Amino acid sequence: MISIQNIVKQYAGHRALSDVSMDIKKGQVFGLLGPNGAGKTSLIRILNLITAPDGGSITFDGEPLTRRHIERIGYMPEERGLYKKMEIGEQVLYLAQLKGIERREALRRAKMWFDKLEIQAWWHKKIEDLSKGMQQKAQFVATVLHEPELLILDEPFSGFDPVNADIIKNEILELNRKGTTIIFSTHRMESVEELCDSIALLNLSRKILDGGVKQIKNSYRNGTYMLEYEGSADWDLTLAPFEVLSTDTLEETNRMKLKMKPGKPQNEALQFVLPKASIRHFEEVVPTMNEIFISTVNKQVVS
Amino acid sequence: MNKILLIIQREYLSRVKKKSFIVLTFLVPFLFIGMIALVGFIALKSKDLEDEKKVQVIDESGLYKNQLRDTKVITFVYTDANYEQAKTTFIKEGYNSLLHIPAGAGAIELLSEKKPSASTIETVESSLSHAAEARRLAAAGIDTGVLAAAQKRIEIKAKQIKDGEEQDAQTYTAYAIGLLSGLLIYMCLLIYGTQVMRGVIEEKVSRIIEVVISSVKPMQLMLGKIIGVGLVGLTQFILWIVMSVVLSGGAAMIMEKKAMDTVPQLEQVQRMAGNKEELKQLKKLQQPDGAAAEIMKSIENIPVTYTICCFLFYFLFGYFIYSALFAAVGSAVDNETETQQFILPITLPIIFTFMLSQSFIINNPDSSLSVWLSMIPLTSPIAMMMRIPFGVPWWQLAASMILLVLGFVFTAWAAARIYRVGILMYGKKASYKELIKWFMYKD
């Protein structure tokens with residue numbers, strides 16, 4: 001759907017993006033991850049044609065991205081904002097009309113969304129009289145009212161309380177099921193990990209990693225497991241098929257982090273422990289995106 | 001294009017619907033009339049409002065005894081008391097000042113409890129001069145009656161030749177119209193320009209800007225805002241014009257009715273009086289009406305449509321050019337307090353032209369400085385409106401208008417280059433150097 005090639009963005013004094021390329025496929029939930037200042041917002045502004053890149057190109061469905069496409073994109077910036085003195089209903093209609101929707105059609109859709117999010121009673125209220133959560137919902141409606149094919153959400157869950165964050169998350173996933181492509185941008189990597197099909201990691205203006213979430217995680221698996229058991233741990237480990245990385249004691253149980261020796265399947269670890277202790281829990285330790293990010297950054301620094 | 005219309009519509013409606021707009025629109029004409037009435041009243045009654053002053057006079061020369069005429073505010077009371085003694089007592093006796101006229105060549109002195117006002121000194125001086133003058137004339141054997149007849153004031157009728165025909169020049173009407181339209185444009189440039197700036201800051205502070213410019217170009221948003229606010233100003237003007245026409249029409253009707261009422265009374269008095277002398281006085285009484293009629297006539301003689309069209313043109317484009325600058329300022333700052341350093345250079349040409357227009361342009365509408373000021377886009381809206389009532393060659397008007405439009409196009413382009421970068425910059429204190437850098441950015 002979107003293909004980004006060799007994008008460069010230079011600001012006076014610093015480089016925001018250097019030679020960034022990535023592909024976002026139709027129907028994907030794509031995570032654009034990285035710490036603050038990595039270049040995420042710069043890239044998103046370029047995707048929304050708010051700023052232009054100094055080099056590189058972007059295609060939308062195979063055509064070079066132009067202003068014709070912006071009506072097919074919905075964008076919720078990190079810094080949310082609406083006109084304080086304007087009624088929210090009117091405001092949502094105005095923003096939809098700016099995206100090229102007829103007023104009457106916009107009104108129909110807005111009524112539907114307001115019902116769905118249970119804010120219909122607030123239609124005539126001004127933004128300054130609404131709670132933060134209510135404002136965020138109105139902002140979300142304004143973002144999706146023109147039924148964009150591509151939804152770009154910058155830090156979508158910041159500012160929401162857990163209940164409302166969940167409501168919005170479900171709405172986003174439903175839109176995705178209906179075919180909308182989603183780009184999440186966030187520095188809180190754990191918050192979108194389970195939502196994304198695909199991610200790209202940005203750090204210091206460069207893309208350092210991208211691909212499917214599963215593939216990335218698989219490539220970072222290293223045979224580490226967490227074992228939780230009852231009983232003593234005074235085992236003779238000379239014959240064990242694993243090395244113990246760490247142990248600690250909980251209230252009723254003990255826990256052990258272990259790493260399989262090369263070529264040994266994890267079942268051998270269970271066979272080894274089974275006669276010695278009663279097993280409560282056995283689980284592979286998959287690195288979190290955060291850990292992957294940190295280890296990738298470190299690798300970059302070393303090399 | 002459609003989107004610009006949407007933006008204009010929002011900017012316009014959101015302002016026109018505000019209570020403050022409605023209140024201001026309907027209140028200002030009344031305030032204005034009230035203010036003029038108050039100033040007029042004070043000017044008329046100023047003598048009554050002044051304190052009365054009593055001046056004790058010691059005339060050792062004996063030349064001014066009973067010669068000083070009392071005025072409305074100053075009463076002279078003569079005394080033969082000793083000067084040194086009077087010095088200590090005049091305040092206690094309730095006098096404000098003590099006027100001492102020495103016998104010899106010494107200076108005449110005015111002693112007061114407080115600092116005497118300039119007008120008191122002037123009045124005393126002129127009373128003394130009059131007395132001295134009358135005394136010397138009498139001494140020289142000149143009849144004061146003959147002198148008064150010889151000192152008749154002469155009035156000239158200013159006429160101008162237009163298309164070979166003589167016309168009343170109506171210099172004073174031109175003066176008034178020039179001053180009024182200059183003042184209005186001056187106020188509007190500042191008021192509506194600031195409104196545009198506030199609107200930009202509001203969009204930036206409330207962070208809606210990023211949502212909006214993901215749908216429209218920054219240039220479209222800026223122009224939409226400028227035009228929308230401009231239309232608000234225009235609406236306000238048209239309402240004011242309509243209201244003042246209605247109000248003055250009403251006032252004229254009341255005055256006419258009063259005049260009608262007084263006519264039969266006058267005739268009655270005339271019949272009863274039948275005396276030539278009294279008739280003359282009555283005619284004098286009617287005179288103010290004659291003056292009013294003359295003013296009305298001279299207003300009718302002014303090309304009203306032409307003047308109003310020029311006014312609207314210079315108002316609109318003057319506003320466009322300045323509001324583009326104000327928009328650029330608004331985009332460069334995070335809140336209104338930071339605007340100071342940028343506003344001064346923008347408002348300087350307006351204030352400069354306005355001050356100059358009151359003192360210089362209005363008195364020398366065809367001097368080369370006035371012509372130049374009415375050509376330069378930043379100063380022409382005020383300067384040209386000062387000149388128009390006195391008559392401006394068509395080619396100068398055309399050149400000034402074309403330059404103003406070109407000036408606007410250039411200013412809007414330059415302002416938009418700063419605006420598009422500025423609106424996305426947060427927490428960065430903008431300097432002039434920074435603004436130039438923004439201006440240079442590629443799209």
Side-chain angles (χ1 to χ4, degrees), chain A residues 9-13 41-42 44-55 67 69-87 90-103 106 126-128 135 138-140 142-143 145-146 148 150 152 154 159, chain B residues 1-15 17-21 198-221 224-225 228 334 420-428 430-431 433-443:
Chain A
K9 179 74 187 176
Q10 180 76 43
Y11 285 111
T41 302
S42 294
I44 282 176
R45 283 181 173 176
I46 289 169
L47 282 178
N48 279 299
L49 291 163
I50 291 173
T51 51
D54 295 315
R67 295 204 81 83
H69 298 110
I70 57 170
E71 290 173 4
R72 294 157 69 182
I73 301 176
Y75 172 43
M76 187 157 82
E78 177 178 6
E79 298 283 2
R80 315 287 152 68
L82 295 166
Y83 288 108
K84 286 200 173 60
K85 306 256 178 219
M86 213 171 164
E87 291 174 5
E90 199 51 47
Q91 189 138 222
V92 166
L93 292 185
Y94 172 63
L95 292 173
Q97 281 175 285
L98 283 185
K99 285 280 190 187
I101 305 293
E102 284 277 330
R103 190 179 166 89
K126 286 177 185 163
I127 288 294
E128 55 186 359
Q135 290 180 24
Q139 185 105 44
F140 177 74
T143 312
L145 205 68
H146 61 290
L150 173 66
I152 303 177
D154 201 352
Chain B
M1 204 54 220
N2 201 8
K3 289 183 180 176
I4 286 204
L5 285 181
L6 270 171
I7 295 167
I8 293 172
Q9 191 187 26
R10 195 203 81 84
E11 297 292 339
Y12 181 78
L13 288 180
S14 69
R15 284 184 171 77
K17 278 186 189 163
K18 262 192 207 157
K19 272 192 205 107
S20 58
F21 173 82
R198 287 222 185 94
V200 173
I201 295 174
E202 186 209 341
E203 269 167 0
K204 202 177 163 183
V205 169
S206 72
R207 314 272 166 150
I208 191 167
I209 193 83
E210 216 168 327
V211 178
V212 176
I213 58 167
S214 70
S215 308
V216 300
K217 286 187 206 152
M219 181 80 166
Q220 287 176 313
L221 180 61
K225 183 173 282 298
D334 284 345
R420 83 208 146 115
V421 183
I423 45 176
L424 293 172
M425 291 285 176
Y426 292 108
K428 210 174 187 182
S431 60
K433 213 172 122 201
E434 198 83 24
L435 292 192
I436 292 167
K437 225 187 271 166
W438 295 354
F439 179 81
M440 296 306 204
Y441 276 154
K442 280 195 299 165
D443 274 316

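Naming: A, B, ... by sequence-line order, numbering from 1 per chain. Values in this document were obtained by computation on a predicted structure and should not be read as measured data.
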>> Is A:Glu71 close to chain B through its backbone or its side chain, or both, or neither, when contacts mean heavy atoms under 4.5 Å?
In response: side chain

> What residue, out of B:Arg207, B:Arg10, B:Lys17, B:Glu210, has the most heavy-atom pairs lying under 4.5 Å from chain A?
Replying inline: B:Arg10

> Considering only heavy atoms, which portion of B:Glu202 lies under 4.5 Å from any heavy atom of chain A: side chain, backbone, both, or neither?
Replying inline: side chain

>> If I measure from the heavy atoms of chain A, does B:Ile209 come under 4.5 Å with its side chain, its backbone, both, or neither?
In response: neither

>> Quick check against the 3.5 Å criterion: does A:His146 have a side-chain atom that pairs as donor or acceptor with the backbone of A:Gln97?
In response: no

> Quick one: what part of B:Ser206 sits under 4.5 Å from any heavy atom of chain A, side chain, backbone, both or neither?
Replying inline: both

>> Donor-acceptor check, side chain of A:Lys99 to backbone of A:Ile70, threshold 3.5 angstrom: yes or no?
In response: yes

> Heavy-atom distance under 4.5 Å to chain A: side chain of B:Lys217, backbone, both or neither?
Replying inline: both

>> Counting heavy-atom pairs closer than 4.5 Å to chain B, which one of A:Leu82, A:Asn48, A:Leu95, A:Leu49 comes out on top?
In response: A:Leu82

> In terms of heavy-atom pairs under 4.5 Å with chain B, which of A:Met76, A:Met86, A:Gln139 leads?
Replying inline: A:Met86

> After noting the C-alpha distance and the side-chain angles of A:Tyr94 and B:Gln9, does the key distance pass the side-chain contact (heavy atoms from CB on, under 4.5 Å) rule?
Replying inline: CA-CA 10 Å; A:Tyr94 172 63; B:Gln9 191 187 26; over 6 Å; no

>> With no hydrogens and no angle check, just 3.5 Å: does a side-chain donor-acceptor pair link A:Glu90 and A:Tyr83?
In response: no

>> Quick check against the 3.5 Å criterion: does A:Lys9 have a side-chain atom that pairs as donor or acceptor with the backbone of A:Pro53?
In response: no

>> I'd like to check B:Val216 versus B:Leu6 (side-chain heavy atoms, cut-off strictly below 4.5 Å). Are they in contact?
In response: no

